[in-house]
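For reference, positions follow the sequence shown, starting with 1.
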Amino acid sequence: MSIRQGRRTAALVVFLAALTLSCSSSENPPQDDAAASSPPRTAPADPTIAEPAADDTTPPVEKVRDAFATLQATMGDDCTPGDCAYFLGRVHDELMGLDAAMKADPKGPAHFKDPLKWTANLQKTLGNDTSTPNLETHRKDLITTRDNINTWMQDHPDDYS
């Protein structure tokens, strides 16, 4: 074996050893069976995400201001010719994210009465069908809900500043 091959082999061994150590020294050490059945409690890594509800199995919910910002990002978008699937799906997803954020907000759902009512009406209109054809059929309802919520939020800057 040449010196060059020996150095490459040594470098590879060091790399693999470091990789093995980083994989084996995880932040979540092995747990006994009782502890393994429940996930560890940790603070959200992203400060823009609200704490989860009392039920630890629910994922953390965005803050209203962050969910509203992503909804606002759809304001200048529209369907690309021949393909509305991405746009309509995104508007729907952003509306549902904002709905969840409003329901989880410390101000309580009563503070967001109108936007939550509009979102509930949209959900009732769509039923459980969020397929592209159904979203296209109810495109006007999606856009109207988004626009109404945008207007409402603009009148409530304390909710997104």
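A distance of 12.0 Å separates OG1 of Thr151 from CG of Asp114, quoted to the nearest 0.5 Å. Here the NZ atom belonging to Lys140 is positioned 12.5 Å from the CG atom belonging to Leu142, to the nearest 0.5 angstrom. Once rounded to the nearest 0.5 Å, the distance linking CG of Asp141 with OG1 of Thr125 reads 5.0 Å. The CG atom of Leu122 sits 9.0 Å away from atom NE2 of His138, with the distance rounded to the nearest 0.5 Å. Annotation: the span from Asp93 atom CG to Tyr86 atom OH amounts to 9.5 Å, rounded to 0.5 Å. A distance of 9.5 Å separates CG of Asn128 from CD of Gln123, quoted to the nearest 0.5 Å.
Summarising the local packing, CG of Asp155 is surrounded by more than 12 heavy atoms from other residues, nucleotides or ligands at distances under 6.0 Å.
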What do the steps show when you test Glu94 against Arg146 for side-chain contact (heavy atoms from CB on, under 4.5 Å), and what is the final call? CA-CA 9 Å; Glu94 300 302 345; Arg146 178 199 64 184; over 6 Å; no

Run Met153 and Leu71 through side-chain contact (heavy atoms from CB on, under 4.5 Å) and show every step you take. CA-CA 11 Å; Met153 290 294 290; Leu71 178 68; over 6 Å; no

Candidate pair Ile143 and Asp147, rule side-chain contact (heavy atoms from CB on, under 4.5 Å), full reasoning: CA-CA 6 Å; Ile143 303 305; Asp147 293 349; 3.5 Å; yes

Evaluate the criterion side-chain contact (heavy atoms from CB on, under 4.5 Å) for residue pair Gln72 and Gln154; output intermediate values, then yes/no. CA-CA 11 Å; Gln72 275 190 307; Gln154 295 294 335; 2.9 Å; yes

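Looking at residues two or more places apart in sequence or on another chain, you find a side chain to side chain contact (heavy atoms under 4.5 Å, CB included) between Asn121 and Lys117.
Arg139 and Asp78 are joined by a salt bridge, as a carboxylate oxygen and a charged side-chain nitrogen come within less than 4.0 angstrom of each other. The pair Lys107-Asp158 counts as a salt bridge, with a side-chain nitrogen and a carboxylate oxygen less than 4.0 angstrom apart.
Annotation for Val64 and Leu98: closest pair O-CD1, 3.8 Å, computed over non-hydrogen atoms. Here the closest heavy-atom approach between residue Phe87 and residue Thr74 is recorded as CE1-O, 3.8 Å. The minimum heavy-atom distance between Asp99 and Leu116, with the atom names listed, is OD1-CD2, 3.1 Å. When all heavy atoms of Phe68 and Asn150 are compared, the closest pair comes out as CZ-OD1, 3.4 Å. The minimum heavy-atom distance between Thr130 and Leu135, with the atom names listed, is O-CD1, 3.5 Å. Closest heavy-atom contact between Trp118 and Ile149: CE3-CG1, 3.7 Å.
No side-chain heavy atom of Thr119 sits less than 4.5 Å from a side-chain heavy atom of Met102.
Between the Asn148 side chain and the Pro115 main chain, no donor and acceptor come within less than 3.5 Å of each other.
Ring orientation note: the planes of Trp152 and Phe112 are tilted relative to one another, at an angle of 30° to 60°.
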